[in-house]
Engineer: 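To start, I am sharing the structure in question, which I have written as structure tokens.
Residue numbers begin at 1 in each chain, while the letters A, B, ... track the order of the sequences.
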Amino acid sequence: MSPAATAQKTISFTDAYRLALDEALGADPTVFLLGEDIGDEEGGGVFKVTKGLSTKYGKHRVRTTPISEEAIVGAAVGAALAGMRPVAEIMLMNFVTVAMDQIVNHAAKLRFMSGGQTGVPITIRTRTGAGAGTAGQHSDMLEAWFAHVAGMKVVVPSTPADAMGLLTSCIFDDDPCLFIEDSLTRALTGPAPPPGHRVPLGRANVSHEGSDVSVIGYGRPIRDALALAERLKGEGISVEVVDLRTVSPLDTETVLKSVAKTRRAVVVHEAPRSFGVGAEVTARIQEHLYDSLAAPVLRVASRDVPVPFAKVLEQEYLYKPAAIEAAIRRTLDSKARR
Amino acid sequence: MSPAATAQKTISFTDAYRLALDEALGADPTVFLLGEDIGDEEGGGVFKVTKGLSTKYGKHRVRTTPISEEAIVGAAVGAALAGMRPVAEIMLMNFVTVAMDQIVNHAAKLRFMSGGQTGVPITIRTRTGAGAGTAGQHSDMLEAWFAHVAGMKVVVPSTPADAMGLLTSCIFDDDPCLFIEDSLTRALTGPAPPPGHRVPLGRANVSHEGSDVSVIGYGRPIRDALALAERLKGEGISVEVVDLRTVSPLDTETVLKSVAKTRRAVVVHEAPRSFGVGAEVTARIQEHLYDSLAAPVLRVASRDVPVPFAKVLEQEYLYKPAAIEAAIRRTLDSKARR
Amino acid sequence: MSASAEWGPAALLAVYRKALLIQLVDERMRSLLVSGRLAAVYYSPRGQEIVSAGIAVHLKPSDYLVTTYRGIHDQLAKGMPLKLLCAEYYGKATGACKGKGGPMHITHPAAGIMVTTGVVGGGLPIANGLALAAQLKGEDRVTVCCFGDGASNIGAFHESLNMASLWKLPVIFLCQNNGYGECTRYDKSTTAAHIADRAAAYSMRGVRVDGNDPEAMWRAAGEAVERARKGEGPTLLEANTFRFMGHYFGDPGAYIPKDEYAAAQARDPMPACRAAVLRSGAASEADLTALEREINAELDQALAFATESAAPDVSEIDRDIYASGVAA
Amino acid sequence: MSASAEWGPAALLAVYRKALLIQLVDERMRSLLVSGRLAAVYYSPRGQEIVSAGIAVHLKPSDYLVTTYRGIHDQLAKGMPLKLLCAEYYGKATGACKGKGGPMHITHPAAGIMVTTGVVGGGLPIANGLALAAQLKGEDRVTVCCFGDGASNIGAFHESLNMASLWKLPVIFLCQNNGYGECTRYDKSTTAAHIADRAAAYSMRGVRVDGNDPEAMWRAAGEAVERARKGEGPTLLEANTFRFMGHYFGDPGAYIPKDEYAAAQARDPMPACRAAVLRSGAASEADLTALEREINAELDQALAFATESAAPDVSEIDRDIYASGVAA
Ligand SMILES: Cc1ncc(C[n+]2csc(CCOP(=O)(O)OP(=O)(O)O)c2C)c(N)n1
Ligand SMILES: Cc1ncc(C[n+]2csc(CCOP(=O)(O)OP(=O)(O)O)c2C)c(N)n1
Ligand SMILES: [Mg+2]
Ligand SMILES: [Mg+2]
């Protein structure tokens, strides 16, 4: 839905990303974009996020690149070292696999390795997610890799307004940020943010208050959690939803505050369960709140398999809202130990 | 120390790796090696692991490559699809960052994506580890990334005998294995294994039995844990040491069996703490054994920072044996909840 | 299926048969997509038929193929069974990959179809490995690795060509240059005047051919395959062509200048090839109509098989992760 | 420091001054390593002095340098302060990078030393970015990116050269071809007869020069820098040279044939350059001895500074992870 259609009151994720880029390009001459097909001569990007921007700001600031992800990220890194704020697009997250050296060995480390002399204020926008039948090489959620790399910031929005505010914060942040967009929900809409909207990095958002159990996650499953929270209210179950927004550095404080209150936690993400972000959140909660937990911290995530093509398998792969509900009920069934 | 010096009774890690490669090349004509500098004309490898092998088996089976990690792993993948058992060497683990597409999008997934038609029986040997002053781009432990990728097996030995037995198992395993060698301890020796020695993948090893607390880890810290177990025995503290050997797929059964007995667990690794392997082990333990745990599962790991150069900082970065001891004592101080 | 040793009407017809199969399957796929009877991301090969057909007639089933998401033409030319292909497109348990891989990951080792990758450049390093295995085992197999013009700008291209040349691998790097990588025109991303020019950087044989010209394609491909078979090393073969349906199915293609499109249309290889076949006397209108009917009948059957087949059982999700069967 | 506009005795002396600095620092580093007074992984540039010196005389402090683990020659030529360099080698708080980066990651933006990478090929994509920033800002800065012959086989080389040529970036890709990548000889890994030949694949200017010849190096580098400055685009400049001390300090170098080594020794650029300086009349024996003494005195001071400086405080471990200071 275009903003006009709803009298500027709601925008889609795609609109939100574009808005953030547009405002940043307009506000700061050091901001520029680079990525495959992003210019208007190339249709404004495969997902139309950058549509109109090269026409508005020039091809020198909205640069279509060859299919060369290592060179794309590297060019962003170098330009950042020289005072620019580049926003690089990696069309889909599985393709970051060809740019890992630049991200991990360079972008994330150059500040530390230079003793603080050179920072790398780049934003890498990428998108991914299962559910659209693009199978094993076009759907992976790999955020856990980058969360494990010191120096990186990893950001995943769950609403269009957050998308706009978080992306803006990434662009103007002085550290390398990986901003992950969800392929499947890109057309979904939500309330439009005010111009200049920023959402601080490194801060989780309690998007629904509750007292019985904390559901902690980020990105797509937050919508499911909010819907559940509404629905379970009817049953007298009070669910608190904590949207991490920034996966790393993790806002442990907000997470612990919530779980200290509810004494029960369910951690949710779309990425496969094992060695995912949920493991870290779980480990931290039980480390800090062992004595006050009333139930084990449960995880809901996708299956530990490559993303399958066949719809029935793809759906089986994906985390399920019903599993979030089941986990909530399980934690409530657990008898408190103290 | 060379095997001869101790009458063939002990061998170093380097000897163990070479022995496994030598035996595999001798036993199976489909085994071949490829990697930078690995031929004898090039000195038999920077770390001398392959010394003598190209002379013994020919340059066609012990192939020195260009500096082209993506092509190295890809050549291994393709040859594996065609029935070979290639062993690719990535000189240091930080350089896997330029071969991630081949490993993650191809090696790990081709079996699944082909519906089981084509397997990828490759072994990728790499080495890494902090402590030798090689700083930010030559020391990273990145095993958590690969553990998060379905289809991969990730193996880390803690003794020369295991090194030989696990590497042999990797080579003859029908799945892609990432075999991680420790740079720092490569000259350390241990009892020599018998010829043909294999250690099964996917099985953890209780390398020291105990009843008060389980220390769970892999690789270098296992030595520290074993030394601690011996020392604390004097104080009447009975430490069980569980060496995972295969980080993924994780042998949850053995881990849970140990912790079910001891009711206390400390998870240790050299990689940085956050979003590391320890988080998954911790999460699984508390999920399954919540009711019987007598203390929170504690993690001991290196710091969440790039590996620094200065000795004092590098040591500060690294996990510390004293921290393992402190964690053990902390879990013992925790009052059981039930 | 086997190539004539000499160019002539028989060879032309052999090429056209494969090209026609591609054309008819592609047409059908697109009509199924338009009508909503098939839901899949689809990369039409329309316009590139002769390229695949022209090389495939020189290949044996035991020769290896590595291709990409835009690979249906290569797969069909190499001998992909229609039933397995269609069932995979429909995500069925009876598909080539049990529905797990889908259209972007078609695999059928019996026809030498070893890898279909969705990652640009991802196939080239693997093609080397297949070729290396054949070389090490002393097998008479060549590997054909297909990719696009855009893929020539990614690092894996460079590493792979250097390694292939160094090791004299029996591999043909077949760059199907259709002038665009997604929506980006060749000259906006690629600095070599021609992709084939890049072979020189690896002391490799580089050849450029009109991929719409059956004879030229047949000759160039034949020579490259022959050299690889004889152990004379790899070739970078650039086949110039065009894709009429844009990047993906539904791509409006607004980025393609109208006159460029019109010029390409005037050079559409399929009507020209058909006309040449008729002219050559290798087949009559009636023969070709019969051939079409035959292909369409097989396709009907394959599609019926695909639609009637069952979806994979959900238990399949845990299978084929590891060789031992079920995921750990 | 600034380059003469014309080649002649003054320019020769300018090159030699830098080369001598490199030679003396390298000698000292190796003697410290031998005696155990310094413990660090060290990649000696012995033999490659003229390459760095020959280009650096054309550069301003504001020009950018990207180099590698084997980068001390490039850094010194570009104006790296000795104190900061030595203290970093010793891992001291007073080092260029506070002891955090160490010898493989020397950075000193004031002298334009932007990145020293330990990853083969890792610097090339970044060099493009530095050059792109200068181009976007309209700044008069060129970027020199140093790497070895072995690095020319890695994907990042290919992607970077294509992008630089496409965008006409003011960057010079200076390949210091010393004939070996670690222990592997050029022809066992690299299929181009010459690295410079690879420029053609990107329609880029490729130039090969004897990196041991001060005049040739000065001219070729000057021209490449000049072109970049004028907006005429990038150059791939291959400087042929040799490294006398093997790959890393302590490398026995058994893989280098004796006659090849002897031939290289006969072409050692440093004695030749010194002789040429003397012949040219730009400096006398006494002048050069004085220069040596001056450099050694500064080096003594720098090393004293380094050894006397304190190690970083352990609290530094949490700093500089993020811009905001302490790690989260
Ligand atoms: C590494 C990587 N980057 C980006 C993409 C997205 N992508 C898919 S196809 C394509 C264009 C490829 O163009 P070309 O190689 O010319 O092949 P064609 O589609 O024209 O056949 C791109 C950029 C990808 N799949 N992999
Ligand atoms: C991606 C990557 N692969 C491997 C290495 C290990 N390595 C360090 S230096 C080197 C040789 C590089 O040779 P060359 O580019 O010729 O530079 P030189 O050392 O001769 O100056 C290798 C293989 C690395 N640092 N990075
Ligand atoms: Mg194309
Ligand atoms: Mg070299």
Side-chain angles (χ1 to χ4, degrees), chain A residues 35-48 50-51 59 63-72 74 91-102 132-140 183 272-274 302-318, chain C residues 39-41 69 88-93 95 97-105 116-122 148-157 180-185 188-191 246-248 251-256 310-321 327-328:
Chain A
E36 293 155 16
D37 304 298
I38 69 171
D40 286 332
E41 288 178 6
E42 292 76 38
V46 181
F47 304 105
K48 308 296 167 223
T50 51
K51 199 167 172 75
K59 286 191 279 185
R63 310 178 72 90
T64 293
T65 64
I67 308 172
S68 310
E69 282 80 1
E70 188 98 67
I72 292 169
M91 196 180 291
L92 289 174
M93 192 163 206
N94 280 81
F95 317 149
V96 298
T97 52
V98 294
M100 293 298 284
D101 171 48
Q102 285 302 318
T134 54
Q137 294 180 332
H138 288 70
S139 314
D140 283 345
S183 297
R273 172 192 188 89
S274 291
S302 296
R303 302 283 293 266
D304 290 329
V305 304
V307 180
F309 171 69
K311 195 100 225 137
V312 55
L313 296 182
E314 190 184 29
Q315 288 304 317
E316 182 67 16
Y317 158 79
L318 273 171
Chain C
V41 185
Y69 52 92
E88 191 63 26
Y89 270 63
Y90 276 84
K92 296 301 179 70
C97 308
K98 302 186 198 162
K100 293 178 172 185
M104 275 202 268
H105 305 298
T116 300
T117 183
V119 182
V120 167
D149 46 298
S152 79
N153 295 320
I154 204 152
F157 167 91
Y180 288 84
E182 296 218 340
C183 319
T184 301
R185 211 176 60 216
K188 292 195 193 163
S189 66
T190 312
T191 49
H247 177 57
Y248 54 90
D251 175 0
Y255 51 85
I256 305 176
D313 192 88
V314 289
S315 70
E316 275 296 329
I317 192 150
D318 287 325
R319 298 222 177 85
D320 305 321
I321 316 295

Engineer: Identify the two heavy atoms, one from A:A310 and one from C:G91, that lie closest to each other, and give their separation to 0.1 Å.
Structural biologist: CB-O, 3.3 Å
Engineer: Between C:E316 and A:V312, does a side-chain contact (heavy atoms from CB on, under 4.5 Å) hold up when you go through it step by step?
Structural biologist: CA-CA 10 Å; C:E316 275 296 329; A:V312 55; over 6 Å; no
Engineer: Checking A:F95 against chain C: side chain, backbone, both or neither under 4.5 Å from a heavy atom?
Structural biologist: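 Answer is side chain: those atoms of A:F95 sit under 4.5 Å from chain C.
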Engineer: With no hydrogens and no angle check, do the side chains of A:E36 and C:T184 hold a donor and an acceptor under 3.5 Å apart?
Structural biologist: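 Side-chain D/A pair, A:E36 to C:T184: absent.
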Engineer: If every non-hydrogen atom of C:Y90 is compared with every non-hydrogen atom of A:F309, which pair is closest and at what distance?
Structural biologist: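 In this case the closest contact between C:Y90 and A:F309 is C-CE2, 4.4 Å.
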Engineer: Select one option (side chain, backbone, both, neither) describing which atoms of A:N94 are under 4.5 Å from chain C's heavy atoms.
Structural biologist: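 For A:N94, neither part sits under 4.5 Å from chain C.
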Engineer: Kindly give the heavy-atom pair with the smallest separation between C:I321 and A:D304, and that separation in Å.
Structural biologist: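 Smallest heavy-atom distance, with atoms named: CG2-O, 4.4 Å.
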Engineer: For chain C, which of A:K311, A:Q315, A:E314, A:H138 has the most heavy-atom pairs under 4.5 Å?
Structural biologist: A:H138
Engineer: Of the listed residues (C:T117, C:T190, C:D313), which shares the most heavy-atom pairs with chain A below a 4.5 Å separation?
Structural biologist: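 Of C:T117, C:T190, C:D313, C:T117 has the most heavy-atom pairs under 4.5 Å with chain A.
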Engineer: Check each atom of A:E41 against the heavy atoms of chain C and say whether the ones under 4.5 Å are side chain, backbone, both or neither.
Structural biologist: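 The answer is both parts of A:E41.
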Engineer: Which heavy atom in C:P312 sits nearest to a heavy atom in A:L313, and how many Å separate them?
Structural biologist: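 Answer, listing the atom of C:P312 first, then A:L313: CG-CD1, 3.7 Å.
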Engineer: With a sphere of 6.0 Å drawn around NZ of A:K48, does it hold more than 12 non-hydrogen atoms of other residues, nucleotides or ligands?
Structural biologist: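 Enclosed: over 12 neighbouring heavy atoms sit under 6.0 Å from NZ of A:K48.
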Engineer: Can you find a heavy atom in the side chain of C:I154 that is under 4.5 Å from one in the side chain of A:E69?
Structural biologist: yes
Engineer: Using modelled atom types and a 3.5 Å cut-off, is there a donor and acceptor pairing between side-chain atoms of A:D37 and backbone atoms of C:C183?
Structural biologist: yes
Engineer: To check you understand the geometry: which heavy-atom pair defines the closest contact between A:T134 and C:V41, and what is its length?
Structural biologist: CG2-CG2, 3.8 Å
Engineer: Judged by atom type as modelled, is there a donor-acceptor pair below 3.5 Å linking the side chain of A:Q137 to the main-chain atoms of C:G118?
Structural biologist: yes
Engineer: Contact part of C:V314 toward chain A, heavy-atom cut-off under 4.5 Å: side chain, backbone, both or neither?
Structural biologist: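 Both parts, backbone and side chain.
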Engineer: Within the 4.5 Å heavy-atom criterion, are A:T64 and C:S189 side-chain neighbours or not?
Structural biologist: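 The answer is no; the side chains never approach within 4.5 Å.
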Engineer: Identify which of C:S152, C:A93, C:G121, C:P103 forms the greatest number of heavy-atom pairs closer than 4.5 Å to chain A.
Structural biologist: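 Most heavy-atom pairs under 4.5 Å with chain A: C:P103.
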Engineer: Measure the NE2-CD distance between C:H247 and A:E42 for me, rounded to the nearest 0.5 Å.
Structural biologist: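 If I round to the nearest 0.5 Å, the distance is 13.5 Å.
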